[in-house]
Amino acid sequence: MTFTIGKEEFGADRSTFVLPEDITQLASMEDIGATVLAVYMRCLYDHLKVANMLNMVGFIDPAQVSTNTGSLTDRSRIVASRLQKTDGEQIFMMPYNPGRHWVLLIVRAKKETVYSLDPLPENRVVNEEAKNMVNSAIKIYNSHIGRQGRKAPIWKTLPGTPKQPSSVECGYYVMRFMRDIIMDPSLEFEKTIRRKFSDTFYVVFCIINDGPLKLPSLNRYTTSFSKGKEQAPYPQAAIDEVKNEWAKFICLHVD
């Protein structure tokens, strides 16, 4: 199936193919690739458009910036090209794969700050190639706007994010990270990210139980967040929600 992504979403028009194995992998909770993530980002773009948030959030194509997709210089230029279209405080979400693992990078060029959300437990070291690529892109961006900028951008690893329970969920977690962040119009994810993920637990368990949960029932799912622990995974219902949104979107938009 052919799927078209316009320059409004990723900065350049391109067509990709959603293969049967992409659908099978998603349905079976197997490792997913850049195409699956790109399709879901296109789905989120429609939400941003309806919410009048396109001047607040942009996307960078994971298929063009992850490891083994071109030289580091070329990938830095792709990122820089997107940043040059930034509108003030706009952030750019960039799923990145350094090799068989997905993380989410959020680039805020105006503040020369990059946020890293890694669903892998205890993995708090940002990939050096990713840092070099984005740092170079921000340097190009600074030159473009005539700003000297910092000696090096600030990198922050956000605490309190759910952690995947095994080795295959990283792509699904990155999709859910993006969804949770843009559903907050204030985009104050650095301050509210722990609360947002706790809210996700509450919403999905209300759905499962067909009504509000009593606090004692909810506490056993959210205690790990309130105490600052980072190992609790998303409930499966939260992951199923993004999978279902992906499937509905692809059915409406493939050629």
Minimal heavy-atom distance between Ile239 and Tyr234, with the atoms involved, is CD1-CD1, 3.9 Å

To the nearest 0.5 Å, tell me how far Asp118 CG sits from Gln164 CD.
7.5 Å

List the atom of Tyr173, the atom of Pro233, and the distance in Å for their closest heavy-atom pair.
OH-CB, 3.2 Å

Given Leu48 and Met56, is the side-chain contact (heavy atoms from CB on, under 4.5 Å) satisfied, shown in steps?
CA-CA 9 Å; Leu48 292 171; Met56 300 169 68; over 6 Å; no

What is the distance from atom OH of Tyr172 to atom CD of Gln236, rounded to the nearest 0.5 Å?
9.5 Å

From Asp46 CG over to Phe249 CZ, what is the distance, rounded to the nearest 0.5 angstrom?
5.0 Å

Side chains of Ile140 and Gln84: closer than 4.5 Å at any heavy-atom pair?
yes

Go through it in stages, so that I can follow the logic: the residues are Phe92 and Leu105, the test is side-chain contact (heavy atoms from CB on, under 4.5 Å), and I'd like the CA-CA distance, side-chain angles, deciding distance and then a yes or no.
CA-CA 8 Å; Phe92 281 90; Leu105 302 180; over 6 Å; no

Is the shortest side-chain heavy-atom distance between Ile181 and Met93 below 4.5 Å?
yes

At what distance, to the nearest 0.5 angstrom, does CD1 of Ile32 lie from CG of Asn97?
10.5 Å

Would you kindly confirm whether Leu72 and Tyr141 end up in one hydrophobic cluster when ILVMFWY residues are joined by side chain heavy atoms under 4.5 Å apart?
yes

Tell me the closest heavy-atom pair linking Asp22 and Phe17, and the distance in Å.
OD2-O, 3.8 Å

With rounding to the nearest 0.5 Å, note down the distance linking CZ in Phe3 to CG in Leu19.
13.5 Å

Validation row: Arg176, Glu241 side chains within 4.5 angstrom (heavy atoms):
yes

Answer whether the closest heavy-atom distance between the side chains of Leu44 and Val57 falls below 4.5 Å.
no

Above 12 or not: heavy atoms from other molecules or residues under 6.0 Å from CG of Asn244?
yes

CD1 (Ile60) and CZ (Phe10) are apart, to the nearest 0.5 Å, by 9.5 Å

Would a single hydrophobic cluster contain both Ile154 and Leu83, if residues Ile, Leu, Val, Met, Phe, Trp and Tyr are joined by side-chain heavy-atom contacts under 4.5 Å?
no

I want to check something: taking the side chain as every heavy atom from C-beta on, are Arg14 and Gln64 in contact at a cut-off of under 4.5 Å?
yes

Would you say Phe177 and Val242 make side-chain contact, with heavy atoms under 4.5 Å?
no

In chain order, what residues pass the side-chain hydrogen bond (donor to acceptor under 3.5 Å, both in side chains) check against Ser28, with sequence neighbours excluded?
none

With side-chain contact (heavy atoms from CB on, under 4.5 Å) as the test, would you mind laying out the steps for Arg75 and Glu129 before giving the verdict?
CA-CA 11 Å; Arg75 286 181 283 146; Glu129 184 179 83; 3.3 Å; yes

Do you know the tightest heavy-atom contact between Met94 and Val134?
CE-CG2, 3.7 Å

State, with a plain yes or no, whether a side-chain heavy atom of Lys7 is found less than 4.5 Å away from one of Asp13.
yes

Yes or no on side-chain contact (heavy atoms from CB on, under 4.5 Å) for Glu8 and Leu54, after CA distance, side-chain angles and deciding distance?
CA-CA 10 Å; Glu8 294 82 6; Leu54 292 178; over 6 Å; no

Are any of the side-chain heavy atoms of Met175 and Trp102 separated by less than 4.5 Å?
no

Quick one: do Val107 and Ile145 end up in the same hydrophobic cluster if we chain Ile, Leu, Val, Met, Phe, Trp and Tyr together by side-chain heavy atoms under 4.5 Å apart?
yes

Testing the basics here: between Phe59 and Met178, what is the closest heavy-atom pair and its distance to 0.1 Å?
CE2-SD, 4.4 Å

Heavy atoms of Asn127 and Pro98 approach each other most closely as ND2-CB, 3.4 Å

Which residue in the set Asp180, Leu104, Leu117 passes side-chain contact (heavy atoms from CB on, under 4.5 Å) when paired with Thr161?
Leu117

Run the side-chain hydrogen bond (donor to acceptor under 3.5 Å, both in side chains) test against Ser166 and tell me which residues pass, sequence neighbours left out.
Glu169

Evaluate the criterion salt bridge (Lys or Arg N to Asp or Glu O under 4.0 Å) for residue pair Glu245 and Arg179; output intermediate values, then yes/no.
CA-CA 11 Å; Glu245 289 173 348; Arg179 185 188 193 279; 2.9 Å; yes

Treat each ILVMFWY residue as a node, draw an edge where side-chain heavy atoms are under 4.5 Å apart, and state whether Met1 and Val36 are in one component.
yes

Just to verify, what does Glu112 make a side-chain hydrogen bond (donor to acceptor under 3.5 Å, both in side chains) with, not counting sequence neighbours?
Asn142

